[in-house]
Participant: 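Here you go, one structure.
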Amino acid sequence: LVGSCPSGTSSSVMAYLAGGDVALDVSIEALSTLLAPVMLPTILYLFAGQYVKVPTQSLFMSTLEIVVLPIVLGVVVHTFFGKRLATVLDFLPIVSQLAILAIIGAVVSANHANLFTAATAVVIPVVMLHNLLGYTLGYLFSRVLRLHQPQQKALTFEVGMQDSSLGATLALTYFSPAAAIASTLFSIWHNISGSVLSSWWKNHTAESLEEMVQNYENQNAQKATN
């Protein structure tokens, strides 16, 4: 059920923090969400043998509110304020990280009674493996397509992170409360793993750029000496 869901909005935040192609990330997110009313029931029926009715209207509205509207507002704000936003943009990664921590805390607080039991101990490594395999497959696929590094980051997060809140809602509606545990755990874990990966990727990319600049300067100095 989690794997059948479209990509989550957290992937856009992670792509932004990692220095990825946010425009590509948002485009894939919007497209996968719009295709969800058809693809999610089809995939779930093939693998789980049960048809579920996806809330098409609410998915469409959430796409407009969470994906399209912020983009429109961002373009308008940049158009009218321009360079005045430079100082504010430096603090947005911190705000994003704090928001992710707040989301994790809220999910754990609301579901703590069902999360830390003997039954969920079996689910936790499966959820972690699911998420990490998604990152791996997304990254390898982007390398096969020979995409540039910002696009590789965006595709990695898009494949690895799902709309787990939708999965939890469908699980409670069509299956059982126990079926929602995997989606709840995924919501916690993919925000943690995504934050770690985005931080590592950003620092690694910065180090690579510094090495490239240093090598370029050394080459120029060597040429001047010669």
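Atoms considered below: every heavy atom in the structure, side chains included; atoms not considered: hydrogens, waters and symmetry mates.
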Participant: Do the side chain of Lys153 and the main chain of Ala18 share a donor and acceptor less than 3.5 angstrom apart?
Facilitator: yes

Participant: Under 4.5 Å between side-chain heavy atoms, counting indirect links through other Ile/Leu/Val/Met/Phe/Trp/Tyr residues: same cluster for Tyr139 and Met14 or not?
Facilitator: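 Linked, Tyr139 and Met14 end up in one cluster.
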
Participant: Would you say Thr156 and Thr136 make side-chain contact, with heavy atoms under 4.5 Å?
Facilitator: no

Participant: Please evaluate residues Thr33 and Asp163 with respect to the criterion side-chain contact (heavy atoms from CB on, under 4.5 Å), reporting the C-alpha separation (whole Å), side-chain torsions for both, the decisive distance (0.1 Å), and the verdict.
Facilitator: CA-CA 9 Å; Thr33 303; Asp163 188 353; 6.0 Å; no

Participant: Hey, any chance Leu133 and Met128 share a hydrophobic cluster, counting ILVMFWY side chains that come within less than 4.5 Å of each other, even indirectly?
Facilitator: no

Participant: Testing the basics here: between Asp21 and Ala154, what is the closest heavy-atom pair and its distance to 0.1 Å?
Facilitator: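 Taking Asp21 first and Ala154 second, the nearest heavy atoms are O-CB, 3.4 Å.
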
Participant: With no hydrogens and no angle check, do the side chains of Glu158 and Ser11 hold a donor and an acceptor under 3.5 Å apart?
Facilitator: yes

Participant: Applying a strict under-4.5 Å side-chain criterion to I, L, V, M, F, W and Y, I'd like to know whether Leu24 and Val22 cluster together.
Facilitator: no

Participant: Taking the side chain as C-beta and beyond, is there a heavy-atom pair between Pro6 and Gln162 under 4.5 Å?
Facilitator: no

Participant: How about Phe157 and Tyr135: do any of their side-chain heavy atoms sit closer than 4.5 Å?
Facilitator: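 Yes; the side chains approach each other to less than 4.5 Å.
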
Participant: I'd like to know if Trp189 and Val13 are part of one continuous hydrophobic network [Ile/Leu/Val/Met/Phe/Trp/Tyr, side-chain heavy atoms within less than 4.5 Å].
Facilitator: yes

Participant: Nearest heavy-atom pair of Ala36 and Pro41: which atoms, and what distance?
Facilitator: O-CD, 3.3 Å

Participant: Could you check whether any side-chain heavy atom of Cys5 comes within less than 4.5 Å of a side-chain heavy atom of Leu40, counting everything from C-beta outward?
Facilitator: yes

Participant: Could you see if Val52 belongs to whatever hydrophobic cluster contains Met39? Use Ile, Leu, Val, Met, Phe, Trp, Tyr and a side-chain cutoff under 4.5 Å.
Facilitator: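 No, it is not one cluster - the side chains of Val52 and Met39 are not joined through contacts under 4.5 Å.
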
Participant: Do the side chain of Asn203 and the main chain of Ser199 share a donor and acceptor less than 3.5 angstrom apart?
Facilitator: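 Confirmed, Asn203 side chain pairs with Ser199 backbone.
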
Participant: With no hydrogens and no angle check, just 3.5 Å: does a side-chain donor-acceptor pair link Glu29 and Thr9?
Facilitator: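 No, Thr9 and Glu29 have no side-chain donor paired with an acceptor closer than 3.5 Å.
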
Participant: Would you compute the distance between atom CD of Gln151 and atom OG of Ser142 and round it to the nearest 0.5 angstrom?
Facilitator: 9.5 Å

Participant: Find the distance between CG (Asn191) and CZ (Phe186) and round it off to the nearest 0.5 Å.
Facilitator: 9.5 Å

Participant: Can you check whether His148 reaches Pro150 side chain to side chain, under 4.5 Å on heavy atoms?
Facilitator: yes

Participant: Could you measure the distance from the NE2 atom of His130 to the CG atom of Leu185? Nearest 0.5 Å is fine.
Facilitator: 13.0 Å

Participant: How many angstroms lie between CG in Leu17 and CH2 in Trp201, if you round to the nearest 0.5 Å?
Facilitator: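 One gets 13.0 Å once the value is rounded to the nearest 0.5 Å.
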
Participant: So, taking the atom named CG in Asp25 and the one named CE in Met161, what distance separates them when rounded to the nearest 0.5 Å?
Facilitator: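 Rounded to the nearest 0.5 Å, the CG-CE separation comes out at 9.5 Å.
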
Participant: Within a strict 4.5 Å, meaning less than it, do heavy atoms of the Phe141 and Leu155 side chains meet?
Facilitator: yes

Participant: Is the shortest side-chain heavy-atom distance between Val2 and Asn131 below 4.5 Å?
Facilitator: no

Participant: Using a distance-only test with no angle check, is there a side-chain donor-acceptor pair under 3.5 angstrom linking Ser198 and Tyr16?
Facilitator: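 There is no such pair (donor and acceptor under 3.5 Å, judged by atom type) between the side chains of Ser198 and Tyr16.
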
Participant: If you compare all heavy atoms of Val126 against all heavy atoms of Val122, which two are closest, and at what distance to 0.1 Å?
Facilitator: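 Closest approach of Val126 to Val122, heavy atoms only: CG2-O, 3.5 Å.
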
Participant: Is the OH atom of Tyr45 crowded by more than 12 outside heavy atoms at less than 6.0 Å?
Facilitator: no

Participant: Give, for atom CZ of Phe47 and atom OG of Ser4, the distance between the pair rounded to the nearest 0.5 Å.
Facilitator: 7.5 Å

